[in-house]
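Because the structure is predicted, anything quoted here is derived from the model rather than measured. In listed order, ligands and their atoms are each counted from 1.
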Amino acid sequence: MDYKSVIAENIAKVTELDVEQVYKLIEIPPQKDLGDFAFPCFILAKSLHKAPAMISADLAGDASLTYGGMFNVKNAGPYLNFYVDRSRYAADTVSRINEAGDKFGASKEGEGQNIIIEFSSPNIAKPFHVGHAFTTILGNSLSRIYDRLGYNVIRMNHLGDYGTQFGKLITAYRLWGDEKALDEDPITELLRIYVKFHEEAKKDPSLDDKARENFKKLEDGCPEEVALWQKFRDMSLVVFNKLYDRMGVSFDNYNGESFYSDRIPAVVDMLKQKGLLEESEGAQVVKLDEYNLPPCIILKSDGTTIYASRDIAAVLYRKETYNFNKNIYVVGTPQALHFRQVFSVLKKAGYDFADDCVHVGFGLVKFKDMAFSTREGNIVLLEDLLDAAVDKTREVIVENAKLRGQDMSEEEINEIAEKVGLGAVIYTYVKSGREKDIIFSWEEMLNFNGNSAPYLMYTYARIRSILRKADAAGIKASREADVIGTLTGDDAYEVISELSGFEGEVKKAAAINEPFVISRKLFETASAFNSFYNNCRILGEDVDVKDSEARLALCEAVGNVLKSGLNLLGIETVERM
Ligand code: ARG
């Protein structure tokens, strides 16, 4: 068990607080003489009718709390301070990590719980742009995090594959579609005819009637219209899947909006039966005044379904099919109101699982020093961004290899550039926290010495190279507590204390649906490690073999944590770069 958890379990035993509450309150004191961990007692003052300083004194004197013999405990004012034995701390932490390997951070916290993560959800026949990448990267990372914590994760892609625009596409394709162009580059061709439709419809409004007619036929299941729609959908999915494969993203379920359309009559019946459906300006709505929200439209005045009704049908389906404990939507913040309405309708209809539905929003994507050929509507395609990042990365890798005299084949360089380039993009999406807008800048993304994926990946590769070198010299990372326990210097201590907090950060990332918590931890760990590395020789004739073995164990542990954490972000490591 990690050190912080041991403190939390002990204190929870004798107070009204539960383990999780205590865990969250534990601090790392700013000065070492105040201990390695500290528990502030203020929170207990009210219920115990005692001054915090008295509470901390009582806790310090409580003989029933042994903390597994892992700490020396002292009270200081309102704080209860915990001092580790550095030697044991090093041995415990490093051994635990190296036993777990690159899956370190795994737990059984989520056992038996089903969690749906809906992410990506692009609109078919439309380009996959950098905004869709945000939900894709966040959702992929959250899926990996929950999975690591033992939850049963169901990854859903709620494709935008329904709506009046498909009537327009069918109409446009019949008039101007180019089959060959569609085969070669489906999305570009579909976008071309879609744009053309809007231009032409301005001049000839009868096109809109035609489109409505075709959508109606699609809804009624007319074979020709359904076949065209199916073709557009299939072709779009081929394009999207290529991107998903490239990024290591997968889904369990691609039920798009179309899937739910024939479940809407049941939703309407249910709402009617519960007396929630009201007419407003010809439309059928559920009023949400008591939630301080505008009414949620269920059926439009012409009787057709809309986005919100499909979402309500979708939640009911998800509950029925997966009996979820949590249902997470990774969708841009502009849709926050929509989700509040959907969840409130459920609540009003008496479905308490509305409280288990969570909208995880995110900001916008901006570019600082990059120019892309943008398409209609100023869209930057994810593929263009990835390709550019990989090209830029390749330049840096080639240059570094020259400087270091590394001999790399073109194939190896390409492989490394692909992973590092993608890593740089993915990392930029997560590193600032999802609510903030992100600004892409090559300088930051590819800064091998800054808070970037290349920096973390390089640190990992450097560790792997040290371990290879050691192996060649017949020196192995130690597995022995008394050898690893010699890592008590300040530089090693800083690294160990970062490593020790990793598991807690994985849990926290899940609790607030924020992969940034992990990226921050990795950056701090890598920085601590690099200071250690600069100050302590690991291998060399003048280094005692036992010291080498202990330091190699620490290197291995850092490597395991970096690999584990990068994997949780959706970033692959490379063995050298
Ligand atoms: N397809 C939508 C878009 O691209 C996002 C769908 C979000 N998910 C949902 N259940 N409404 O904007």
Mind jotting down which residue pairs meet the ring-ring contact (aromatic ring centres under 6.0 Å, His included) criterion with at least one end in residues 416-437? Sequence neighbours excluded, please.
->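 Non-adjacent pairs meeting ring-ring contact (aromatic ring centres under 6.0 Å, His included): Phe134-Tyr429, Tyr429-Phe440.
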Residues forming a ring pair (Phe, Tyr, Trp, His ring centres under 6.0 Å) with Phe232, sequence neighbours excluded =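 Scan of Phe232 (ring pair (Phe, Tyr, Trp, His ring centres under 6.0 Å), adjacent residues dropped) gives Tyr173.
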Who pairs with Phe215 by ring pair (Phe, Tyr, Trp, His ring centres under 6.0 Å), at least two apart in sequence or on another chain?
->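 Expected list: Tyr162.
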Taking the six-membered ring where the residue is Trp, are the ring centres of Tyr329 and Phe343 under 6.0 Å apart?
->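 Yes; Phe343 has its ring centre under 6.0 Å from that of Tyr329.
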Centroid-centroid under 6.0 Å between Phe259 and Tyr254 rings |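 Not under 6.0 Å, so no.
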Side-chain heavy atoms of Leu277 within contact of Val285, under 4.5 Å |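 With C-beta onward as the side chain, the pair stays apart.
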Taking only heavy atoms of the protein into account, state which residues are under 4.0 angstrom from an atom of ligand 1, in chain and number order.
->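 Within 4.0 Å of ligand 1, the protein residues are Glu118, Ser121, Asn123, His132, His158, Tyr307, Asp311, Tyr329, Val331, Gln335, Phe339.
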